[in-house]
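Structure first, commentary second.
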Protein chains: 2
Amino acid sequence: MDRSGGRARHSGDLIAALSGRNLAHNLHSDVLWDMGFAIVSGQYAQGSILPPDTELLDRFRVSRTVLREALKTLAAKGLIEARARIGTRVLPRNRWNLFDADVLAWHFELGPEVSFLQSLAEVRIGIEIEAAALAAERRTDEQAKLLLAAVDRMAAASTPEDFARHDLDFHKAVANASGNPFMASISALVEMALTAAFTISSPVNEPEALIQTVAVHRAIAQAILDKNPQGAREAMRIAIAEGFARAAGRMEGV
Amino acid sequence: MDRSGGRARHSGDLIAALSGRNLAHNLHSDVLWDMGFAIVSGQYAQGSILPPDTELLDRFRVSRTVLREALKTLAAKGLIEARARIGTRVLPRNRWNLFDADVLAWHFELGPEVSFLQSLAEVRIGIEIEAAALAAERRTDEQAKLLLAAVDRMAAASTPEDFARHDLDFHKAVANASGNPFMASISALVEMALTAAFTISSPVNEPEALIQTVAVHRAIAQAILDKNPQGAREAMRIAIAEGFARAAGRMEGV
DNA sequence: ACAGGCAGATAAGTATGACAATATTGGGCG
DNA sequence: CGCCCAATATTGTCATACTTATCTGCCTGT
């Protein structure tokens with residue numbers, strides 16, 4: 001009965017808005033988010049069978065076309081798999097594409113767990129450390145300039161949103177300078193982590209933290225400028241670890 | 001005119017077969033692979049607009065349902081974005097989900113470039129090094145046992161396929177022991193890299209290389225057993241770098 | 001009693017034609 | 001000359017019918 005047409009929007013919208021991604025509001029995306037969240041939140045257990053088409057059709061009051069396209073989207077992200085006569089099965093989590101922006105967003109909708117933020121920080125450390133090191137080896141002068149500019153904008157930011165945006169720009173610039181397409185491809189992940197972290201606590205509100213965060217990022221940029229891979233690695237590790245520590249401290253402490 | 005029903009299958013099938021993944025053969029997956037490959041191969045340039053539904057319908061001789069589900073799948077993987085009245089646009093590569101198994105497979109269909117293999121090795125180094133370090137900190141005794149068993153099976157493998165399978169098992173076991181769900185989620189990537197590498201040159205055929213490869217993997221397992229993160233990091237880096245070097249050397253050097 | 005295949009039932013896959021929503025483009029009106 | 005609106009092209013949604021795959025269980029032949 002709670003299926004009134006205009007229910008509250010997903011937290012994913014915040015992230016989409018921040019990133020300038022389109023958030024077209026079509027029926028199929030409604031169904032998609034509903035089902036995606038239901039699966040990620042465990043409402044449909046891994047390995048279980050979803051209700052058959054007919055039942056879902058009745059529940060969502062949409063056409064078969066819409067439902068099936070939503071399910072196909074979930075299948076494309078590795079959440080489900082359909083088989084004739086059996087039904088549509090929820091796949092085990094290790095088949096899910098956790099690097100997908102939507103799948104990540106659904107995870108955040110059930111409240112960012114500290115353990116999840118930590119997992120995120122760990123992958124970021126792995127990938128972005130290498131990206132920084134590669135950038136230090138391969139950067140062009142042009143790319144180095146962009147990095148320094150991004151740091152300057154971080155230092156000058158006045159609102160948490162501004163800061164987060166420029167922070168993201170910085171990390172994207174590092175990924176680009178690495179010359180490795182995979183590095184650039186995980187910006188969705190970085191974006192989610194940064195958004196989550198800054199939703200919890202932004203350095204902008206704590207002058208001391210702001211100065212330190214900017215300093216660490218400037219150290220990364222400098223190491224890349226100096227073509228110093230090892231220095232870039234270490235600085236990047238500190239930047240990510242500190243960002244996570246601040247958010248985690250804020251969540252547990254207080 | 002070349003749209004005869006039973007044309008040669010994609011190289012992706014090899015990988016799917018090796019991984020035991022299902023390869024259902026429905027219409028929509030035909031269209032999906034055709035279009036996916038066309039986009040990845042640059043046949044449809046980034047930022048360009050795909051032909052309208054009507055034209056694609058005519059080209060593939062399928063129903064609108066099938067075509068649209070295939071396009072929705074591509075959209076879910078970040079390759080395209082449809083907008084009313086505008087058409088369906090090919091997104092820039094940095095929006096593509098390169099960690100998706102299908103997208104990866106399409107990249108390999110146009111012949112594995114050395115530069116692409118290198119990019120793959122670089123991300124693997126980033127992620128798997130951290131996974132190994134985390135595994136060294138968090139492993140259970142049970143997980144350690146599985147690791148050693150996988151190494152033993154690698155040493156005893158007699159065919160390239162067997163070796164690749166056990167190698168993959170090993171890397172999956174490390175990812176599992178890390179306790180980080182993201183690490184486990186990239187096994188598709190590792191799988192692709194290993195399959196590609198061993199298609200080019202398997203250590204099984206070179207006794208010396210086999211001994212060395214097994215030794216390095218045993219070193220990883222031992223470091224994790226000893227709860228020695230730094231040792232695990234270094235051994236993992238060597239394992240991946242050597243694997244890539246062997247394949248690359250075989251491709252360029254002859 | 002058992003093996004094997006044959007048929008029914010169920011759920012996903014495919015087809016088709018019509019209509020709605022949306023955004024660009026160009027023309028008409030102030 | 002500029003603004004607004006309508007024509008138009010393209011994707012989005014709907015409803016219904018039919019096809020294919022495959023699991024279950026009966027049924028037959030040995």
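A, B, ... follow the sequence lines: proteins, then strands. Residue 1 opens every chain.
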*Classify every nucleotide of nucleotides 9-16 of chain D by which part a protein heavy atom approaches to under 4.0 Å, writing B for the base, S for the sugar-phosphate alone and - for neither, in 5'-to-3' order.*
BBBBBBB-
*Heavy atoms, side chains only, cut-off 4.5 Å: are A:F182 and B:R124 in contact?*
no
*Using a cut-off of 6.0 Å, state whether more than 12 heavy atoms not belonging to A:Q118 lie near its atom CD.*
yes
*Can we call the ring centroids of A:F108 and A:F37 under 6.0 Å apart?*
no
*Residues two or more places apart in sequence or in another chain: which of them pass salt bridge (charged side-chain N to carboxylate O under 4.0 Å, His left out) with B:R93?*
none
*Would one find more than 12 heavy atoms of other residues, nucleotides or ligands at under 6.0 Å from atom CZ of A:R138?*
yes
*Please report, rounded to the nearest Å, how far the P atom of C:dG13 is from the CD atom of A:E81.*
10 Å
